[in-house]
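Please read the structure below before turning to the comments.
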Amino acid sequence: MKPATIRAVLFDIDGTLVDDAGAVSVALTAFHATYGQELGLNFSALMRQWQDLLDIHYARFLRNEISMQDQRRERIRSLFLSSRPDLSVSLADRLFGEYERYYREAWTPYPDVKVTLGRLKHFILGTLSNGDAAQQTEKLRLCGLLPFFTRTFASSEIGFAKPAPEAFGAVCKHLGVQPDECVYVGDRLDVDARASFSAGLRGVWLDRAGDKNDVHEGISVIDSLKKLPPLLAVGSFK
């Protein structure tokens, strides 16, 4: 059977289009300068604890157990539990707001993003990310990426979070394409490449670190987005 023609290319955002890890590092550096002594944490310890709290409470948000704002408050309350056990909601919001200001100011696209998107104008382009739709759209806008995309999608609006197949299926339906006519590109092998492949899309793992370990058969691997246009050429896609 002849493979379906690729009509659409979908992208993850954080770690794929936008250097989210770099923005977090910049924001936590500023946050640590103000609160590190109170927290009793060196910078490395703060980074680890921040990630641990994100893993716990952001996952609750993705499961629709708490709101975006509530997961932010829970992370701040847990972080300051020893020094401020009775932290109020308003102060938790203010503290997170300090971090978020630095975080937003540090949003930056990877150097290979705009040049690649500019070469893919003949495809329907979109994004699918786990997170809050308003924040993710604003991230793309501030990074100068929003005009490249026909539609942007986030788990908060479609009701499903990656790696659920329903997340990928819902986006394909909205774009009017079949799953096998759509490529999904992301920086996580499990949540992005394998999950999209399992949902019937063509999965591409953007392995910027060059790990290339335990790659699922049928998944294509690139270490730069500049290698995506040649991959999408006829006969070069798995």
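The model shown is predicted, which means the values in this text are computed figures rather than measured ones.
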- What distance separates L41 CG from L46 CG, expressed to the nearest 0.5 Å? 6.0 Å
- Is there a path from V113 to V183 through hydrophobic residues (I, L, V, M, F, W, Y) whose side chains come within less than 4.5 Å of each other? yes
- Give a yes or no on whether the backbone of D132 and the side-chain of Q135 come within a donor-acceptor separation of less than 3.5 Å. no
- Crowded around R208 CZ? As in, over 12 foreign heavy atoms under 6.0 Å? yes
- Note on the structure: Closest heavy-atom pair, A154 versus A133, reported as atoms and distance to 0.1 Å, is CB-CA, 3.6 Å
- Item | Atom pair CZ (F149) and CD1 (I124), whose distance is rounded to the nearest 0.5 Å | 13.5 Å
- Task: Can you spot which of T152, D14, T127 makes a side-chain contact (heavy atoms from CB on, under 4.5 Å) with Q136?
- Result: D14
- Rounded to the nearest 0.5 Å, what's the gap from CD on E98 to CD1 on I76? Could you check? 9.0 Å
- Message: Please check: side-chain N/O of S196 versus main-chain N/O of A193, any donor-acceptor pairing under 3.5 Å?
- Response: yes
- Message: Between D180 and R202, does any side-chain N to carboxylate O distance fall below 4.0 Å?
- Response: no
- Query: Closest heavy-atom contact between L206 and G15?
  - Reply: CD2-O, 4.4 Å
- Without swapping roles, check the side chain of R119 against the backbone of K114 for a donor-acceptor pair under 3.5 Å. no
- Task: State, yes or no, whether a side-chain contact exists between V9 and C182 at a heavy-atom distance under 4.5 Å.
- Result: no
- Message: Are L17 and L232 linked, directly or through intermediate hydrophobic residues, by side-chain heavy-atom contacts shorter than 4.5 Å (ILVMFWY only)?
- Response: yes
- Task: Identify the heavy atoms of F168 and L201 that sit nearest to each other, and give their distance.
- Result: CB-CD1, 3.7 Å
- Hphob cluster co-occupancy, L10 + Y110, side-chain heavy atoms under 4.5 angstrom: no
- Is there side-chain contact between R194 and F197, with at least one heavy-atom pair below 4.5 Å? no
- Closest non-hydrogen atom pair, F148 against G118: CE2-N, 3.8 Å
- Between L142 and R104, does a side chain to side chain contact (heavy atoms under 4.5 Å, CB included) hold up when you go through it step by step? CA-CA 9 Å; L142 290 177; R104 287 168 57 91; 3.9 Å; yes
- Donor-acceptor under 3.5 Å (T150 side chain, G126 main chain): no
- Task: Kindly give the heavy-atom pair with the smallest separation between K139 and I13, and that separation in Å.
- Result: CD-CG2, 4.0 Å
- Task: Indicate yes or no: at least one non-hydrogen side-chain atom of F96 is less than 4.5 angstrom from one of Q69.
- Result: no
- Item | Full working for side chain to side chain contact (heavy atoms under 4.5 Å, CB included) between R141 and T137 | CA-CA 6 Å; R141 186 187 70 80; T137 301; 5.6 Å; no
- Task: Answer yes or no: is there a donor N or O on one side and an acceptor on the other, between the side chain of S129 and the main chain of G131, under 3.5 Å?
- Result: no
- ILVMFWY network linking Y103 to Y35, side-chain heavy atoms under 4.5 angstrom: yes
- Roughly how far, to the nearest 0.5 Å, is CD of E166 from NZ of K173? 12.5 Å
- Are F11 and Y184 an aromatic pair by the rule of ring centers under 6.0 Å? no
- Message: If only side-chain N and O atoms count, and only distance matters, is there a donor-acceptor pair under 3.5 Å linking Y58 with N130?
- Response: no
- Message: Quick check against the 3.5 Å criterion: does S25 have a side-chain atom that pairs as donor or acceptor with the backbone of A21?
- Response: no
- Go through E181 and C172 one step at a time and tell me if the side chain to side chain contact (heavy atoms under 4.5 Å, CB included) criterion holds. CA-CA 9 Å; E181 297 175 320; C172 289; over 6 Å; no
- Can you find a heavy atom in the side chain of L87 that is under 4.5 Å from one in the side chain of L81? no
- Hey, is R48 close enough to D52 for a salt bridge, meaning N to O under 4.0 Å? no
- Query: Atom CG in L175, atom CG in L128: separation rounded to 0.5 Å?
  - Reply: 10.0 Å
- Task: State plainly whether the residues D12 and K162 are in salt-bridge range, i.e. N to O under 4.0 Å.
- Result: yes
- Between R60 and D70, does at least one N-O distance fall below 4.0 Å, as a salt bridge requires? no
- Message: For a 4.5 angstrom cut-off between non-hydrogen side-chain atoms, does V24 reach Y99?
- Response: yes
- Message: Does any part of the side chain of V171, heavy atoms only, come nearer than 4.5 Å to the side chain of R151, both counted from C-beta?
- Response: no
- Item | Separation of I222 CD1 from S224 OG (nearest 0.5 Å) | 7.0 Å
- Item | Side chain proximity check, V89 to R73, heavy atoms < 4.5 angstrom | yes
- Message: My understanding is that only one of R72, R77, Q71 makes a side-chain hydrogen bond (donor to acceptor under 3.5 Å, both in side chains) with E74; could you say which?
- Response: R77
- Can the ring centroids of F31 and Y102 be said to lie less than 6.0 angstrom from one another? no
- Item | Closest non-hydrogen atom pair, G159 against N64 | O-ND2, 4.2 Å
- Does the W205 side chain pair with the main chain of D187, one donor and one acceptor, at a distance under 3.5 Å? yes
- Item | Hphob cluster co-occupancy, L228 + L140, side-chain heavy atoms under 4.5 angstrom | yes
- Is the backbone of D19 close enough, under 3.5 Å, to the side chain of T108 for a donor and an acceptor to pair up by distance? no
- Message: Would you call the rings of H32 and F43 parallel, tilted or perpendicular, taking 30° and 60° as the class edges?
- Response: perpendicular
